[in-house]
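The structure appears right after this line, and notes come after that.
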2 protein chains.
Amino acid sequence: MSDFAKEKEIFFNHLKESGLKKTGQREVILVVFLKTEGHLSAEDLYNLVKAEDPTVGFTTVYRTLKLMCECGLAREEGMGDGFKRYEHHYNHPHHDHLICTECSDLIEFYSETIEKKQDEIALSHNFKPTHHSLRIWGICSACQKKTKTKAAAK
Amino acid sequence: MSDFAKEKEIFFNHLKESGLKKTGQREVILVVFLKTEGHLSAEDLYNLVKAEDPTVGFTTVYRTLKLMCECGLAREEGMGDGFKRYEHHYNHPHHDHLICTECSDLIEFYSETIEKKQDEIALSHNFKPTHHSLRIWGICSACQKKTKTKAAAK
DNA sequence: CTCTCTGCAAATCTTTTGCAGTCCT
DNA sequence: AGGACTGCAAAAGATTTGCAGAGAG
């Protein structure tokens, strides 16, 4: 089964198990979310959903995002600007982010060394870690070039 | 000169350089902040300040926190709950946090290995890092004991 | 039919801003 | 005196909740 099909199944199972109903809106929101790659804010998702079905309101988007997080399809992550972002969680292993403060570009990375060291540190404090978030802000390669070009043009 | 005296000097210099005025409220807020250790929210600080001088409003606390960040005495850091926290920045080298999701306790740590690895990763993406934040959520040692005790009592 | 959903509008919650009066310098 | 500062109240921005009508099972 494709991930896409599995994810839909997980979602609808979660609804059934919680005594919730399968509705058109929830399905549109789910499908639109699954089709995206990125790190969307609730509003981003709302806009994508609205393009597909203009009658869906943001209340429902927020509520459905919560459901998707509950059943492990999505995860919440703040990037330091005012709002929460949502990423795929199912079959999307943990990763961290480089965040460009000029263009808001996000670069994902993963480091075994860092993950291991984190576990060591937690262990040394008798701390039982559940999840973590590492964010590095700075200027991405493209924006560095832009700045240089501007400076040269002076 | 003590750190305390230096920090006051830095703050008042910052005011002078920016054409701002030295006021009683700003001084109380500064001093109260400098006396604390921790990771305070604006409201935490407001409450501490109010105990010392009940006439200070939170507007001024927020505005003064911004000033303290500007001149490098404080740094802003979100812990994933709804609000911003403020830490000492002057002579307080960067560190990361273990965050207990039961009791909200914060444990600071620092790892040279992780810091180095982060720089390597940034470099490998031609990314120029400015700052970063690593947060590990989980259950602290004390809360694990509490849970065990409860379980044993059943 | 019942019980959950939905969208709207209104409420939250933290942080910011406009304003009229107050206080440094 | 004059501009900056302050506290209040109101605004803002993201997210949540109450409600009455709509829809799934």
Side-chain angles (χ1 to χ4, degrees), chain A residues 8 11-30 32-33 39-71 74-86 104, chain B residues 8 11-30 32-33 39-71 74-86 104:
Chain A
K8 286 182 82 163
F11 185 69
F12 292 130
N13 276 344
H14 178 66
L15 292 183
K16 192 169 286 178
E17 281 163 22
S18 313
L20 303 175
K21 290 175 178 173
K22 181 171 166 175
T23 66
Q25 291 90 326
R26 283 177 177 161
E27 183 157 8
V28 183
I29 296 167
L30 171 70
V32 169
F33 176 74
H39 309 77
L40 303 100
S41 66
E43 199 182 346
D44 293 339
L45 183 57
Y46 170 63
N47 287 326
L48 292 173
V49 167
K50 213 169 50 173
E52 203 110 335
D53 178 349
T55 69
V56 177
F58 21 75
T59 309
T60 306
V61 172
Y62 275 105
R63 289 194 272 229
T64 305
L65 274 168
K66 192 160 281 179
L67 291 173
M68 296 194 291
C69 289
E70 278 172 24
C71 65
R75 82 169 69 105
E76 215 179 273
E77 167 97 36
M79 296 302 168
D81 47 7
F83 24 68
K84 295 174 186 166
R85 304 302 182 87
Y86 296 87
S104 300
Chain B
K8 286 182 83 163
F11 185 72
F12 292 130
N13 275 345
H14 177 67
L15 292 181
K16 191 168 285 177
E17 280 164 22
S18 314
L20 302 176
K21 289 174 178 171
K22 181 170 168 176
T23 67
Q25 291 92 327
R26 284 178 177 160
E27 183 157 7
V28 183
I29 296 167
L30 170 71
V32 170
F33 175 74
H39 308 78
L40 304 100
S41 66
E43 198 182 347
D44 293 338
L45 182 57
Y46 170 63
N47 287 326
L48 292 173
V49 167
K50 211 168 48 173
E52 203 107 338
D53 178 350
T55 69
V56 175
F58 36 70
T59 310
T60 306
V61 173
Y62 276 104
R63 290 193 273 229
T64 305
L65 274 168
K66 192 158 283 179
L67 292 173
M68 294 195 291
C69 289
E70 279 171 23
C71 65
R75 83 168 69 103
E76 213 179 276
E77 168 96 37
M79 295 301 166
D81 47 6
F83 27 68
K84 296 176 187 165
R85 305 301 183 87
Y86 297 86
S104 301

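To find a chain, count down the sequence lines: A is the first, B the second, and so on, and within it residues start at 1.
Listed by residue number, A:Thr55, A:Val56, A:Gly57, A:Thr59, A:Thr60, A:Arg63 are the residues of residues 49-63 of chain A with a heavy-atom contact under 4.0 Å to DNA chain C. The stretch residues 75-86 of chain A touches DNA chain D through A:Phe83, A:Lys84, each having a heavy atom within less than 4.0 Å of the strand. Against DNA chain D, the stretch residues 18-27 of chain A makes heavy-atom approaches under 4.0 Å through A:Lys21, A:Lys22.
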Verdict with supporting geometry, B:Leu20 and B:Arg26, side chain to side chain contact (heavy atoms under 4.5 Å, CB included): CA-CA 11 Å; B:Leu20 302 176; B:Arg26 284 178 177 160; 3.9 Å; yes
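Taken to the nearest 0.5 Å, the CD atom of B:Glu52 stands 11.5 Å off from the CD1 atom of B:Ile29. Taken to the nearest 0.5 Å, the CD atom of B:Glu77 stands 12.5 Å off from the NZ atom of B:Lys84.
Using a 4.5 Å cut-off on side-chain heavy atoms (C-beta onward), B:Leu15 and B:Lys21 make no contact. Side-chain contact between B:Tyr86 and B:Arg75: absent, with no pair of heavy atoms (C-beta onward) separated by less than 4.5 Å.
Every residue meeting the side-chain hydrogen bond (donor to acceptor under 3.5 Å, both in side chains) condition with B:Ser41, not counting sequence neighbours, appears here in chain and number order: B:Asp44. Every residue two or more places apart in sequence or in another chain that forms a side chain to side chain contact (heavy atoms under 4.5 Å, CB included) with A:Thr55 is listed here: A:Asp53. Considering only residues two or more places apart in sequence or on other chains, B:Glu43 meets the salt bridge (Lys or Arg N to Asp or Glu O under 4.0 Å) condition with none of them. In this structure, the side chain to side chain contact (heavy atoms under 4.5 Å, CB included) partners of A:Leu48, at least two apart in sequence or on a different chain, are A:Val32, A:Thr36, A:Leu40. Shown here are the salt bridge (Lys or Arg N to Asp or Glu O under 4.0 Å) partners of A:Arg85, two or more places apart in sequence or in another chain: A:Asp81. Every residue meeting the side chain to side chain contact (heavy atoms under 4.5 Å, CB included) condition with A:Lys8, not counting sequence neighbours, appears here in chain and number order: A:Phe4, A:Phe12, A:Glu27, A:Leu30, A:Val31, A:Leu34. With sequence neighbours excluded, the residues forming a ring pair (Phe, Tyr, Trp, His ring centres under 6.0 Å) with A:Phe58 are A:Tyr46, listed by chain and number.
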Check: residues 59-71 of chain B side-chain donor-acceptor pairs under 3.5 Å, at least two apart:
{"unit_1": "B:Thr64", "atom_1": "OG1", "unit_2": "B:Thr60", "atom_2": "O", "d": "2.7"}
{"unit_1": "B:Glu70", "atom_1": "OE1", "unit_2": "B:His14", "atom_2": "NE2", "d": "2.8"}

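Backbone-only engagement by B:Lys66 is indicated by non-hydrogen atom pairs under 4.0 Å involving sugar-phosphate atoms exclusively.
The interatomic distance linking B:Leu40 (CG) with C:dT14 (P) rounds to 15 Å, in whole Å.
Of all nucleotides in DNA chain D having an atom under 4.0 Å from a heavy atom of chain A, the first and last in 5' to 3' order are D:dA14 to D:dG25.
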